[in-house]
Amino acid sequence: MKTGFNWKRKLLSLLLLFCLLTGLAGSGTMAHAYNVPDNMKWWADDKFGMFIHFGSYSYFGHGEWAMQTEGISKETYQKTISAKFDPEKFDAQEIVSYAKKAGMKYLVFTAKHHEGLAMWDTKVASFTDTTGQKIYSLQQYTPFGKTNRDIIMELKNACQQAGIHFGLYYSIIDWNHSSQTVEGDFTKMASWEARTAYIADMKAQLKELVDTYDPEIMWFDGDWTYKKDNPTLKKWWTKQDGQDLYQYMKSLKSDIIVNERVCRSFGLGDFECPEQSIPEKALSRPWETCQTMNNAWGYKKDCEKSYYNVRYMIQDLVEVASKDGNYLLNIGPKGDGTMTAGSRKILKGIGNWMNRYGDSIYGTSGTPFAKKPSWGRYTRKDNVIYAHVMKWPKDQKLVTKKYAGKKVKKVYLLQNGKKLKYNATGKKVIIKMPEKKPDKADTVIAVQYQ
Ligand code: H79
C-alpha cells in the first residue's frame, strides 16, 4: 500500500512540474510570470498607464531637475520660477480624455517632485518658502492660488468618470524644504533633529494625500540618498526608513500599491520600476517601466523637437508586455497647463493602434517562449498566443513557435478577425500572411489554441 501511494504522489508531482514548465497550470487565464497579490490584479492586467510630470519647473521649461542642474538657489528658484507658475489652462478632462483615447488604464501624477512644491493645498506647516512665512504649495505660493482650484482633485474626478485608476507620485528628497540643501544628486540634512522632523512631516503630507485623494498607487522617488543602515546627514535615508514608509502607507490604506522606491534595491515595495529601460527578461515580481516620449519628464523646451515616433513607442510598449511588465508613459504639460503637440500626437497614434490591438496587451502575460522571434514579439492570454509582427516576412510566411502539447484552433488577424491559413507542424505554426502589412508598427496575429 505504502509504495502505491508514493507512486501516485510521484506521478502527480511530475504532472505538476510538466504543467508549470509548459505554462498549462490551472485552466482559464494564464498566470503571470510572477505571483500577483490580489490588490494588484487590476494593475497587472491594465498594463498601460499615463505618468504626468507637472510642477513649477514646467513654467521654467528646463526639465524638473533645473534647480539642481543649473545650481539655482532656493530663494531665486522660489521667486523667479515657482512664484510665476500659473497653470490656468490646466484641463484635467482633456488630459484624461487623451489617456483614455490612448488606451491607458491608470494615471500617476506628481503631487510633489524634488523641487518640493506641493501641488495640493497642504497644511503641513514646515513646508514653507525661505521666508518661513508662506506655505510652499500651488495654492498658497503661486498666483494660481487665487482660482481656488485643486487640480489633483480635478484629475482624480476626471479619472473616476473615465474609469481610469488614479495614483500619485511623491519625492522623498526635497530641495526646497528647510531641513535640506542640495548636494549633487543628493540632499544633505541640516541636523538629526531636522531629519526626524522632516520624516514626520513627510508622513503628515502623505496622510493628507491619502485622506483627500484616496490614490490607488503611491509612486515614490528621490529615495537614493540612502545607506543600508547607520545613516549620515548626507545619506540620511535607510532601508529601515523605506520599510517603515511602506508599512505606513499600508496602514493608511491597506490595498494601496507602492513602488520599490520607498528605498530602492532591497526588494521592498510591491513592484520594481526600471526607469527608461526594459529588462532582458520578465522580472520575478510585478514590474513597470516608466518612459518618456522625448527624453524629458517635466516640460523641457529643448526636447520639444525630439519626440520618438509613434511606431517606436508602440514597439516599446509591446516589448514591455512581452516580458509581462507594465508601461507608464509620461507627458510633461507646459507651464500654463496645456499638453504639448508632440504628446498629443503620440497618444493619438498609440490609441489608433490600441483600438485595434488592445486585446493583445490588456490582461496578457509575457511570452511563453524562451527565444525572441526575429520578426517581433509574443504575448499571450488564455488560450491565445499573440504574434506581434514588426518585420513583415517577404515570402508571406510567418514562422511562429507552436505551443507544446496544444492543438491550434484557428489563426486570425486581430484587427478584423479575418482567418489566415496555417500549417501546424511539430514545433511550428507557419502562417500565410497577407501580401501587404496592415500596420507599420506592429500587426498582431492571434493564434488560438483549443
Ligand atoms: O521623475 C523623473 C526623474 O526626475 C526622476 N525619476 C523620474 C521618474 C529621476 N530621474 N533621474 N534621476 C531622478 C536621476 C537620479 C540620478 C542619480 Fe542615481 C541618483 C544618479 C546617482 C544618484 C539613481 C540612483 C541612479 C544611480 C543611483
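One-based numbering, in listed order, for ligands and for the atoms of each. In what follows, every heavy atom counts, from backbone to side chain, and hydrogens, waters and symmetry copies are set aside.
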Do Glu64 and His53 have side-chain N/O donor and acceptor atoms under 3.5 Å apart?
no

Which residue and atom name correspond to the protein heavy atom nearest atom 2 (C) of ligand 1, and how close is it?
His53 NE2, 3.3 Å

Relative to atom 11 (N) of ligand 1, which among Gln68, Glu275, Arg264, His113 owns the nearest non-hydrogen atom?
Glu275

Which option out of Gln276, His114, Glu64 puts a heavy atom nearest to atom 3 (C) of ligand 1?
Glu64

In ligand 1, the atoms that come under 4.0 Å of a heavy atom of Tyr169 are 1 (O)

Modelled atom types, side-chain donor and acceptor of Glu75 and Thr130, under 3.5 Å:
no

Does a side chain donor of either Tyr136 or Asn176 reach within less than 3.5 Å of an acceptor in the other side chain?
yes

Ranking Trp224, Trp297, Trp65 by closest non-hydrogen atom to atom 19 (C) of ligand 1, top hit is Trp224

Can you report which non-hydrogen protein atom sits closest to atom 20 (C) of ligand 1, along with the distance?
Asp185 OD2, 3.5 Å

Protein non-hydrogen atom found under 4.0 Å from atom 13 (C) of ligand 1
yes

With no hydrogens and no angle check, do the side chains of Asn326 and Tyr106 hold a donor and an acceptor under 3.5 Å apart?
yes

Tyr98: what forms a ring pair (Phe, Tyr, Trp, His ring centres under 6.0 Å) with it, not counting sequence neighbours?
none

Is a side-chain donor-acceptor pair under 3.5 Å present for Tyr307 with Thr340?
yes

Can you check whether a protein heavy atom sits less than 4.0 angstrom from atom 5 (C) of ligand 1?
yes

Answer with yes or no whether the side chains of Trp120 and Glu208 bring together a donor and an acceptor at under 3.5 Å.
yes

Under-4.0 Å protein heavy-atom contact, atom 16 (C) of ligand 1
no

